[in-house]
Each structure stands twice: as C-alpha cells, then as structure tokens.
Undergrad: 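The structure under discussion is supplied below as structure tokens; questions concerning it will follow.
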Amino acid sequence: MNPTSSSAPPRIVVLGSLNMDLVVRVPHAPAAGETLQGHSIHSIPGGKGGNQAVSCARQGALVSLVGCVGADANGEALRQALQQDGIDTSAVATDASAPTGTALVMVEDTGQNRIVVIAGANARVEIDDVALAARLHGTAFLIAQFETPIAQVARAMTAAHRAGCRVLLNPSPVQPIDDALWPLIDTLVVNEVEAQTLSGRLVESPRDAAMAGESMRARGVARVVVTLGASGAVAVDADGARHHPTLPVETVDTTAAGDTFLGALAVTLASGASLDEGVSLGIRAAALCITQPGAQPSIPLRSAVLRSALPPAWTPL
Ligand code: RIB
C-alpha cells in the first residue's frame, strides 16, 4: 500500500511517559567542575510516551494515551498539549502523591542532547486490565517504552497479544527484556546503544546493526528496526536486512527524533504498508524534527513529511 493513499485512520494506543522537559541550551556540555553560561531555558512538553502519541496523531492516527501525571500545573499543561493534537487522554490518571515527570534536557550548539529523567508520576502508572482490553479492541498497535514501570508494560503487552493487537516496543531507557516478552513483540525499535545492550553485540555500522537485529529476531520478535542517527536506520525482518540512509539536514535539536520516527513508522505499518515504506517515512519525519527546537513542538504533520525530500534508496545488507 502506498503511504500517501487515504483510508480510515488506524487506531493506536500508547502506554507511556509524560514529562515536562526543562530545556537548557548550552554552547557545549560542561565538564566536571566547570560553570558555564547557558543561552536559554524553556519548559516544553515531552516524555517518550507523549512524544510518540503526538507523532502518531500528527501522522493521522486516532490515538489514546495511557499514563499518569501529578496534580500540578505541569500535568495539566501536558494533558492540554495532547488534547490539542486530538489525543484521547481519558486514560491519563492523576496521582496527587507524585509530581509530574520532569526531564532535564541539555542541548549543545551541535544539536546533540543529554537527558536526565525524573520519573515522578510516570512511576505510578497502573494498568486497569478491563479498561485496557476494551481500549485495545479494534486497535492496530500498542506502543510502549520503558519510562513507565516495566511490570505494567509487560501486562499491557500481554493484554494486546490476547486482543490480537500488534505490539511496537521501544525499550528506552534500555533494560533487559524478559524471555517471555520477546515473542509478544511485533516490531522492536532500538537505537545503537539499545541494540548493543539487548543483543550483546557491538553496533558500530549498518552491518553490525543487521547482525544485532537478526540475533534479536531469533528471540521471537517479528521485525527489528535499529536507528543509527545520521547514518539512517536498518530494517530487519523475515526477508533479511536493509540499510536506509538519511538525507543530511541542519541539526538544531535531536530531541524527540526517535519518537517522531517511531510514530511515522507505526502509522505507516498500521495502514498496511511495508516495513521499508514505514522506515523511509520515519526517516523523513525525523529529519524534519531535528531542524526545530524542543520535543513535541518539533514533531511534523504528515502533510509536511509527504512534501519533504526523499532519502536515497535502501540497499540490502
Ligand atoms: O525521547 C525524548 C524524550 O526523552 C524527552 O522529551 C524527554 O522527556 C525524555 O523522556
């Protein structure tokens, strides 16, 4: 299927974190003991769960988010930001005993970032099995990351599997994945560091990524995508491995590039298109994301992605 063709919007459920990003722009990351004058500081909606939900919504999916915020102004601001993108927030709980999640994001002049996450209310996410089963009915994908408790992610993955809903897992920040969970994953999206940790292999090239992807597929997951930053991405499935290069763009801020990629990939797959079409659209979406500052404000709409330049063709590995 052509990702540009129109059909009923796919339904996607995201289980994930909501963070208010405290973004500090700096010339370079300070060394130990160094005091540095920064350029600016802003509070910007983020969190891997929120960003991935926004990316899916801006790519045209009907999205609902399962998460938790504190009873504070940041929680309300994050909820409102999601609603502005048409995301169903009825499963975003409010827990008055914890502050809304916060991320300290330091962005260097090169656009590279360093992030510290304080989980806050994200650590209080608790799945309501009955409500989740109803929500997963007729849903193409459950998307989850590891910024919410892994036991709750495992429960949601099991529920999705039972409901016939495919699971797209982004195990970030990386932690070991239980043996029983691997076969529940339809699509695993990891960066080089995550691929290396989960496969136990060094990942320094597209060929290394292909081998790491194959070894993770051997654990039961159907498809693996390894994102490689400026070197593009590697897609691995039953047909083998392919390297998708990216186009060089002026990098302003890489925050949420992976989340943007993942949303575009998920919506393309949910629409019935191939893994390679999804990866290609994801690369175009991420390339636009990194030309803008911040997490959620930098995530492009589908119309902008479809107008953007095509990356070079993929090559088999
Ligand atoms: O993936 C980027 C996100 O990671 C940021 O928005 C930050 O909140 C952390 O969760």
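Indexing begins at 1, ligand by ligand and atom by atom, following the structure's order. None of these values were measured; they are calculated from a predicted model.
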Undergrad: Examine the side chains of T268 and E277 and answer whether a donor and an acceptor come within less than 3.5 Å of each other.
TA: no
Undergrad: I'd like to know if R219 and D179 make a salt bridge, using a cut-off of under 4.0 Å between side-chain N and carboxylate O.
TA: yes
Undergrad: According to salt bridge (charged side-chain N to carboxylate O under 4.0 Å, His left out), who are the partners of R242, at least two apart in sequence or on a separate chain?
TA: D237, D276
Undergrad: Which ligand 1 atoms does G47 reach within 4.0 Å, using its non-hydrogen atoms?
TA: 5 (C), 6 (O), 7 (C), 8 (O), 10 (O)
Undergrad: Distance under 4.0 Å to a non-hydrogen atom of E147: what atoms of ligand 1 satisfy this?
TA: 4 (O), 9 (C), 10 (O)
Undergrad: Do side-chain atoms of T100 reach the backbone of G75 as a donor and acceptor pair under 3.5 angstrom?
TA: yes
Undergrad: Which protein non-hydrogen atom lies closest to atom 5 (C) of ligand 1, naming both residue and atom, and how far is it?
TA: D21 OD2, 3.4 Å
Undergrad: Return the residue, atom name and 0.1 Å-rounded distance of the protein heavy atom closest to atom 4 (O) of ligand 1.
TA: K48 NZ, 3.2 Å
Undergrad: Kindly list each side-chain donor-acceptor pair under 3.5 angstrom involving residues 32-41, sequence neighbours excluded, with atom names and distances?
TA:
residue, atom, partner, partner atom, Å
E34, OE1, A31, N, 2.7
H39, NE2, D109, OD1, 3.0

Undergrad: Pairs of nitrogen or oxygen atoms closer than 3.5 Å, one from A295 and one from ligand 1: do any exist?
TA: no
Undergrad: Tell me: protein heavy atom nearest atom 2 (C) of ligand 1, and distance?
TA: D259 OD2, 3.4 Å
Undergrad: List ligand 1 atoms under 4.0 Å from N51, heavy atoms only on the residue side.
TA: 2 (C), 3 (C), 5 (C), 6 (O)
Undergrad: Looking at A103, which atoms of ligand 1 are within less than 4.0 Å of one of its heavy atoms?
TA: 7 (C), 8 (O)
Undergrad: Should E108 and R114 count as an ion pair when the cut-off is N to O under 4.0 Å?
TA: yes
Undergrad: Report the distance from atom CD of Q296 to atom CD of Q52, rounding to the nearest 0.5 Å.
TA: 11.0 Å
Undergrad: What do you reckon, does N19 have a nitrogen or oxygen under 3.5 Å from a nitrogen or oxygen of ligand 1?
TA: yes
